[in-house]
Amino acid sequence: MHKLIYHALEKVNMGIIIIDKEHKILIWNGWLERYTGKSKDETIGKNLSDVYQHFAEKNHQNILNSAILFGQSRFCSSTLHKIFVFPADETRKNVQQNMQVEPIFNDNERFALIQIMDITGHHHRVSQLKNAIREIGLENEQIKVAETMSRYQAMHDSLTGLPNRVLFRDRLEAAIISARRNNQKLAVMFMDLDGFKAVNDNFGHAVGDLLLKEVVERLKHNIRESDTLARLGGDEFMLILFQIAGQEDAANVARKLLESFNQVFRLNEHNVSVTASVGISIYPNNSENTDTLTKQADSAMYKAKAAGKNTFRFYDDPY
Amino acid sequence: MLSPMQRDVLTEMVNVYVGQAASFLSEMVNQKVLLSVPEVELINVGEVENPEYSLPAFPLAGHIISSSMRFGHDFKGKAFLVFPAEEAKLLVNACTGEDNNPEQNQTFTDFLDTDFDVLKEISNVILNAIVGEFGNFLDTKLEYSLPDIELLFVSAPEQKSILEKDIYILLLHTTFLLAETKIKGVIMIALSMNSVSWLISKIDELLED
C-alpha cells in the first residue's frame, strides 16, 4: 500500500513537498524533480531555505511556521507572488505558480504539506480572455456610436442638418397628440422657394446649396426654438407652429418669414434674390390627421403660387 | 446578545486582530493597507427571523463573493469574508495595481479565475489572523481549512437561510482602505452555542479583572 501511495505521489501533476518543524525536506515528488531539475538526492534532508533562498524571507517563514506551529492553512496566489520554485527550463518566461501550505499532524509530530501548481498556461488564457473582453467592449462602443450616427442621418437632411421628411412626420404626429390633450391649435406650413431652379441654372449647384443654408438661417431667426423646421428635399420646407391662438398668429409668422427674403443673399460674390410661397393648414380646424394636414398645406402653397408667388395662403382660402 | 461593555471589549479585540491582518496584507501587496471594524454585532437565527430586527444590519443582498473557511477543534465554527461583487473587484484591482475606472461599473461578469485566487489569498490572510487570535485569546489549538470562494446571488429572503438554527453569527462590518480606495465588506464568524458561551465568558473574565 505504501508503495502504491509513493507511486501516486510521483505521478501527480503538481509539486508536493513535505517539511518537518525545522523545515527539513522529507518528501520531494517526481513532478518537482522534472520541473526544477533538482533530484531527491539534492533536496531531501536539506532545509527548504537552503534549496530556495526566498523561503528564508520573513513572509514565507511566517506562512510555513503558521502551518506547523498554529495549524493554519494558507493559499498563495500567483497574481501576488508569481513564483515559488524555479523551472529547470530557463527559457520559460513569466512563469506563474499557486502555492498551498497545509498542516499535517502525524504521531504527535507536526509537518507542513506544500503543494505547488504551475498555472502559467492558465494565466496566458486569462490575459487573452481579458484582451478579448476589452476588444469586444471597444467594438461595442464603436457600434453604438455608429448606430447613433446612422440613426441621426436617417432622420436628418445632410445639407442643412434639419429634420427630414421622416422625422417631420414623427414630430407632427407627436405635436397633434399633445395639442389634442391640451386642447390647443397648431399650424402646418409648406414653403417652396420661388425661382430656385434659376439660381441653380445661373450660378451652379454650389451656390444653390449655399442659398438653402442661408435661407434656413433666416427662417430660424423668425420662428420660436420650440417650432419644428424641416427640409423635405430640393427647395421645399415644412414648419410646425405649436400653440397658436388662431389663423392670425400663423399669418403673422408667415409674413415675417416672407419678409426675411427681402434682403438679397450674398453668396460667393453673387447677389441672389429669391422669394417664397407658403401654404398653411390648421389643426384641428382643417383636419386632425397628420398626412391630411400636410397635403392641405401643400395644396394651399399652390394657391399662393397661383396668386403670383411671394405670398401665403390658408387651406381655407378660396383662391 | 452582548452587553455594551462586552461589545466594546470585542470591538477593541477585533480591531487589534484586523490590524495585524492589515500589516500582513500591506507586506504582501507592497502598499499601505488599513483595516477597521467600526461595528461588531452578535446575532442568532431567532433574531434575524424576528420581523422587528432590521435586515439592513445584515446586508449584502445581490451578487456577492463569499470566501469561507472552517476551523476547529474545541472552538469551532466557520468564518466568512463577504463582499458585494463590485467591491470585491475593486479590492482585487487595488491589490494588483490595476486601474479602477470609476466610470466603468465593475460587475461580477468581470471576474476571472485569477481574481478569485487573489481574493482567496486575501481572505485567507485576514480570516487566519482573526480566527487565530481568537484561538490565542481562548488559549486553544485550532486547525483551519483553506478558504472556498463562491460567487453567489442572494435574494433578500434567502439571507436568513444562510444561517442555520442554533448558530450564532459574529458580524464584523469591515472597511478596507488601500490605494485611496475604500472597500466595504463583512466578516461573519458562525459559531456554535458552546463556542459563543466560551468566548463571552472569557470576555467577562477580562471585564472582572
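Everything numeric in this text was worked out from a predicted model, so none of it was measured. Below, chain A is the first sequence line, B the second, and so on; all start at residue 1.
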Is chain A contacted by the side chain of B:Phe71, its backbone, both, or neither, given a heavy-atom distance below 4.5 Å? neither
Listed partners of B:Ala22 passing side-chain contact (heavy atoms from CB on, under 4.5 Å), at least two apart: B:Leu35
So which N and O atoms of chain B and chain A form donor-acceptor pairs under 3.5 Å?
| unit_1 | atom_1 | unit_2 | atom_2 | d |
| --- | --- | --- | --- | --- |
| B:Glu27 | OE2 | A:Lys58 | NZ | 3.3 |
| B:Glu98 | OE2 | A:Lys130 | NZ | 3.1 |
| B:Asp113 | OD2 | A:His122 | NE2 | 3.3 |
| B:Asp117 | OD2 | A:Asn98 | ND2 | 3.0 |
| B:Glu121 | OE1 | A:Ser77 | N | 2.5 |
| B:Glu121 | OE1 | A:Ser77 | OG | 3.0 |
| B:Glu121 | OE1 | A:His81 | NE2 | 3.2 |
| B:Glu121 | OE2 | A:Arg74 | NH2 | 2.7 |
| B:Glu121 | OE2 | A:His81 | NE2 | 2.4 |
| B:Asn124 | OD1 | A:Phe75 | N | 2.4 |
| B:Asn124 | ND2 | A:Ser73 | O | 3.1 |
| B:Asn128 | O | A:Gln72 | NE2 | 3.1 |
| B:Asn128 | ND2 | A:Ser73 | O | 2.9 |
| B:Tyr144 | N | A:Gly71 | O | 3.2 |
| B:Tyr144 | O | A:Ser73 | OG | 2.6 |
| B:Tyr144 | OH | A:Gln72 | NE2 | 3.2 |

Rounded to the nearest 0.5 Å, the CG atom of B:Leu119 sits from the CZ atom of A:Phe75 at a distance of 10.5 Å
Between A:Ile63 and chain B, with a heavy-atom cut-off of 4.5 Å, which part of the residue counts as in contact: side chain, backbone, both or neither? neither
Counting neighbours of CZ on A:Phe86 that are heavy atoms of other residues, nucleotides or ligands and sit closer than 6.0 Å, is the number greater than 12? yes
